[in-house]
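Just below is one structure, and these are the notes that go with it.
Below, each value reflects all heavy atoms present in this structure, side chains not excepted, and no hydrogens, waters or symmetry copies. The structure displayed is predicted, hence computed values, not measured ones. One-based numbering along the sequence shown.
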Amino acid sequence: MISPFFKKKDSVDKQSKSDMVQKVQLLDEQVEEIEEKTSDETLAGLVTTGKAQLDKKSLDLIFSVEQIIQARQHAETNINELQDRLTHSSSHVERLNRDMKNLNKVIEEREKNVRELEHKLIERNLKVDQVLEDYRELQTTLTAEIEELKSTIELEQQKYVNLIQKHNEAHAEKLKKMNDLEEKIGRVEIENAHLKQKYDTIRQKKAYLSGMISDFTNRMTVPFGSGSSLTDRNDGNGDT
């Protein structure tokens, strides 16, 4: 694909070259015509100059021929210079054409890369849209779950408050029962002390009675005489 700028430049160069060639060709034709016209007259004038002095027209003609020859030489020099410039311009144009082809290839590669990047961008945008859609759905689901969890937490907090209240009531009742039990235990300990005192008194009485019964039993089982001698012995022991 050639840029319009290069197309315009090529057309201008071609036009200038063609104009230049036409000018050179026209100049050559004019010089040839002048040379043809003046060759015979110059020769005749030169033949007669040997016999007579040159007139003003002949001198003007010779001067004109010299100017034409100089102009032709200058034109040939210009033509050579223009030919060199044309060759240089042609090589420059060829180099520019090569560079233009390379640039066109680079542009094609860049356009290909741009198309690939556009395709990747479209795919990425589709993925991003899908991710956003998934995110919205997830956010909706999470919002519903969060609301449900908030309701559950509020319900559990209410249950916890009720349990704390019941616990406090149970603890107060427990303390009350413990106080009642401590009072009962105090009364029971007092009663136990009284009962122990009574038990000790009764045990002492029982021991005393047991001793008396045992002594009476022993006396009843021993014969009377033995009992008298034993009594006497006891009395004697008592006397001593």
Expected list for residues 202-215: side-chain donor-acceptor pairs under 3.5 angstrom, two or more places apart:
| from | atom 1 | to | atom 2 | distance (Å) |
| --- | --- | --- | --- | --- |
| Ser210 | OG | Lys206 | O | 2.7 |
| Asp215 | OD2 | Arg219 | NH2 | 3.4 |

Determine whether Phe63 and Leu59 make a side-chain contact, defined as any pair of heavy atoms from C-beta on separated by less than 4.5 Å. no
State which residues pass side-chain hydrogen bond (donor to acceptor under 3.5 Å, both in side chains) with His74; sequence neighbours excluded, sorted by chain then number. Asn78
Under 3.5 Å, which donor-acceptor pairs link side chains of residues 180-198 to any protein atom two or more places apart or in another chain?
| from | atom 1 | to | atom 2 | distance (Å) |
| --- | --- | --- | --- | --- |
| Asn192 | ND2 | Val188 | O | 3.2 |

Do Asp84 and His88 come close enough that some side-chain heavy atom pair is under 4.5 Å? no
Please, which pairs that meet salt bridge (Lys or Arg N to Asp or Glu O under 4.0 Å) have at least one residue in residues 144-155, sequence neighbours excluded? none
Residues in side-chain contact (heavy atoms from CB on, under 4.5 Å) with Val106, at least two apart? Arg110
Got a sec, which residues hit side-chain contact (heavy atoms from CB on, under 4.5 Å) with Asp60, two or more places apart in sequence or on another chain? Lys56
side-chain hydrogen bond (donor to acceptor under 3.5 Å, both in side chains) partners for Glu137, two or more places apart: none
Spacing of OG belonging to Ser91 relative to CZ belonging to Arg98, to within rounding of 0.5 Å: 8.5 Å
From Leu86 atom CG to Asn80 atom CG, the distance as rounded to the nearest 0.5 Å: 12.0 Å
Could you work out, with side-chain contact (heavy atoms from CB on, under 4.5 Å) as the rule, every residue matching Ile107, not counting sequence neighbours? Asn104, Glu111
Linking Ile, Leu, Val, Met, Phe, Trp and Tyr by side-chain heavy atoms under 4.5 Å, what else ends up with Leu138? Leu142
With Glu133, which residues qualify under salt bridge (charged side-chain N to carboxylate O under 4.0 Å, His left out), at least two apart? Arg136
List for me each residue that meets side-chain hydrogen bond (donor to acceptor under 3.5 Å, both in side chains) alongside Arg124, sequence neighbours excluded, and say none if there are none. none
Would you tell me whether His92 and Arg95 have side-chain atoms, one donor and one acceptor, within less than 3.5 Å of each other? yes
To the nearest 0.5 Å, atom CZ of Arg115 lies from atom CD of Glu108 at 8.5 Å
Under a 4.0 Å threshold between the charged nitrogen and the carboxylate oxygen, would Arg72 count as salt-bridged to Glu76? yes
Share the residues that join Ile122 in a hydrophobic cluster, the rule being Ile, Leu, Val, Met, Phe, Trp or Tyr side chains under 4.5 Å apart at the heavy-atom level. Leu126
Find the distance between CD (Gln139) and OG1 (Thr141) and round it off to the nearest 0.5 Å. 10.0 Å
In Å, rounded to the nearest 0.5 Å, how long is the span from CG of Asn162 to CD of Glu169? 10.0 Å
